[in-house]
Each structure stands twice: as structure tokens, then as C-alpha cells.
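What follows is a set of notes on a single structure, which appears directly below.
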Amino acid sequence: MCKAMEDMRKESLREVARRMLSDGTLPIEKIAEYAGLSLDEVKALDKEKTA
């Protein structure tokens, strides 16, 4: 897959994770698993939300 498409895909996954975080019902470990992101990425997104 070309870099631009991979970047767009990753940003879509981050947006899904952001929505899950804002819902507040799932633990970050599950969000990482469902979104296919690393736990560190989801934690960083969570910190962005609270900053």
C-alpha cells in the first residue's frame, strides 16, 4: 500500500479510537485492540483529549 493511503488509513483508525475514548465505556486496552493501534498510541490520543 502506498504511504499516503497508509497514512489515511491510520488517521481513520485514530479517529475511531478518539470516538471510543470520548464514549468512555471501553478500557483503553480494548480500544487499542479493536482499532488496531498500539496501547501507547491510544494513551497519547487520550492525553490529547484531556489537554
Side-chain angles (χ1 to χ4, degrees):
M1 189 178 312
C2 75
K3 173 111 172 82
M5 289 183 69
E6 183 60 29
D7 290 346
M8 288 175 21
R9 180 185 157 283
K10 196 77 159 177
E11 187 53 41
S12 291
L13 293 172
R14 287 185 191 108
E15 184 55 39
V16 168
R18 283 184 192 101
R19 284 185 273 159
M20 288 183 200
L21 286 165
S22 69
D23 185 308
T25 58
L26 288 172
I28 59 173
E29 293 83 2
K30 284 295 181 186
I31 294 171
E33 180 183 338
Y34 296 157
L37 299 171
S38 72
L39 188 55
D40 289 336
E41 287 177 292
V42 177
K43 286 179 180 178
L45 292 171
D46 192 36
K47 284 183 182 177
E48 285 176 13
K49 167 184 89 151
T50 58

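Hydrogens, waters and symmetry mates are skipped; everything else that's a heavy atom, side chains included, is used. For clarity, every value in this text was computed on a predicted model and none was experimentally measured.
Evaluated for a side chain to side chain contact (heavy atoms under 4.5 Å, CB included) with Ile31, the options Asp46, Val16, Leu37, Val42 yield exactly one hit, Val42.
In this model, a donor atom of one side chain and an acceptor atom of the other lie less than 3.5 Å apart for Ser38 and Glu41.
Residue Leu39 holds its CG atom at 5.0 Å from CD1 of Ile28, rounded to the nearest 0.5 Å. Lys43 contributes atom NZ, which lies 6.0 Å from atom CG of Asp40 (distance to the nearest 0.5 angstrom). Here Leu26 contributes atom CG and Glu33 contributes atom CD; the two are 10.0 Å apart, rounded to the nearest 0.5 Å. A distance of 10.0 Å separates CG in Leu21 from CD in Glu48, rounded to the nearest 0.5 Å.
Using a 4.0 Å cut-off between charged nitrogen and carboxylate oxygen, Asp23 and Arg19 do not count as a salt-bridge pair. In summary, Arg18 and Glu11 engage in a salt bridge, as defined by a charged side-chain N under 4.0 Å from a carboxylate O.
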Exercise. Mind running side-chain contact (heavy atoms from CB on, under 4.5 Å) on Met5 and Arg9 for me, showing each step along the way?
Key: CA-CA 6 Å; Met5 289 183 69; Arg9 180 185 157 283; over 6 Å; no

